[in-house]
Amino acid sequence: YDFPYDFKISATNIDAFTQSADRRYEKFQKAKEYLIKSGQEDAISVFPEADIELQKSISDKFKNDSIFRTRRDVSPQARQATRTIALDAAFYAKQEKEIRNVIKTAIADLQYD
């Protein structure tokens with residue numbers, strides 16, 4: 001997520017994420033242990049170990065706090081000033097300009113008649 005403000009994550013989503021992270025971490029740890037015991041340590045490098053540990057770390061934080069905190073340094077006033085801009089905003093601005101031009105032309109034509 002790349003939100004400019006902090007937000008609460010629902011309990012349902014927190015539970016799903018943390019359960020998934022816990023299962024993934026546990027399976028990785030068992031696989032890693034097996035590979036070490038069986039002399040196949042080199043095979044551990046094919047696993048995304050850093051990603052698994054990061055997911056587990058984030059999961060553990062969310063178990064105690066369901067607020068996603070932004071990494072951006074934004075003041076509360078700036079957060080309130082933000083707004084969503086429609087993806088079609090440029091389209092409507094162009095349409096409005098064209099309509100104004102048509103009205104101007106119509107008024108100018110009426111003045112000469």
Side-chain angles (χ1 to χ4, degrees):
Y1 294 104
D2 190 21
F3 287 91
Y5 51 85
D6 298 346
F7 63 92
K8 182 172 176 48
I9 301 173
S10 73
T12 302
N13 289 333
I14 292 286
D15 290 345
F17 179 74
T18 57
Q19 288 172 10
S20 174
D22 289 345
R23 278 191 312 270
R24 186 178 184 217
Y25 183 79
E26 183 181 329
K27 289 178 180 182
F28 171 70
Q29 290 302 322
K30 287 180 180 179
K32 184 177 177 179
E33 181 182 336
Y34 169 79
L35 292 170
I36 291 169
K37 285 182 179 179
S38 64
Q40 302 176 65
E41 297 91 359
D42 293 345
I44 295 171
S45 66
V46 301
F47 290 95
E49 185 171 7
D51 183 66
I52 293 168
E53 290 181 359
L54 178 61
Q55 181 185 17
K56 177 73 169 125
S57 171
I58 292 169
S59 164
D60 289 345
K61 288 178 186 175
F62 283 142
K63 287 177 185 176
N64 300 320
D65 183 10
S66 64
I67 303 296
F68 183 88
R69 307 206 185 280
T70 183
R71 292 183 180 184
R72 295 181 179 188
D73 184 21
V74 181
S75 70
Q77 293 81 17
R79 282 185 225 150
Q80 292 173 357
T82 62
R83 64 183 190 139
T84 302
I85 298 174
L87 295 176
D88 55 2
F91 170 79
Y92 287 114
K94 183 179 177 185
Q95 291 296 330
E96 181 180 359
K97 184 177 179 182
E98 289 177 11
I99 290 170
R100 288 182 188 274
N101 286 337
V102 168
I103 292 171
K104 280 183 185 178
T105 302
I107 290 172
D109 288 347
L110 287 173
Q111 290 175 352
Y112 288 113
D113 288 341

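The analysis underlying the following values was restricted to heavy atoms, covering all of them including side chains, and did not include hydrogens, waters or symmetry mates.
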Identified side-chain hydrogen bond (donor to acceptor under 3.5 Å, both in side chains) partner of Asp22 from the options Lys27, Lys56, Gln55: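 Going through the options one by one, the only one that passes is Lys56.
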
Would you give the length of the straight line joining atom [atom1] of [X] to atom [atom2] of [Y], rounded to the nearest 0.5 angstrom?
X	Y	atom1	atom2	result
Lys8	Asn13	NZ	CG	11.0 Å
Leu110	Thr105	CG	OG1	11.0 Å
Asp15	Ser20	CG	OG	12.0 Å
Glu33	Ile44	CD	CD1	10.5 Å
Ile103	Glu98	CD1	CD	12.5 Å
Glu53	Gln29	CD	CD	6.5 Å

Tell me, do [X] and [Y] make a side-chain contact under 4.5 Å, heavy atoms counted?
X	Y	value
Leu35	Phe47	yes
Lys32	Ile36	yes
Arg24	Pro48	yes

Path from Tyr25 to Leu54 over hydrophobic side-chain contacts below 4.5 Å: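 No, separate clusters.
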
Nearest non-hydrogen partners of Ile67 and Phe62, listed with the distance: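 Answer, listing the atom of Ile67 first, then Phe62: O-CE2, 3.9 Å.
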
Lys63, NZ atom: more than 12 neighbouring heavy atoms under 6.0 Å: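 Atom NZ in Lys63 is packed in, count exceeds 12.
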
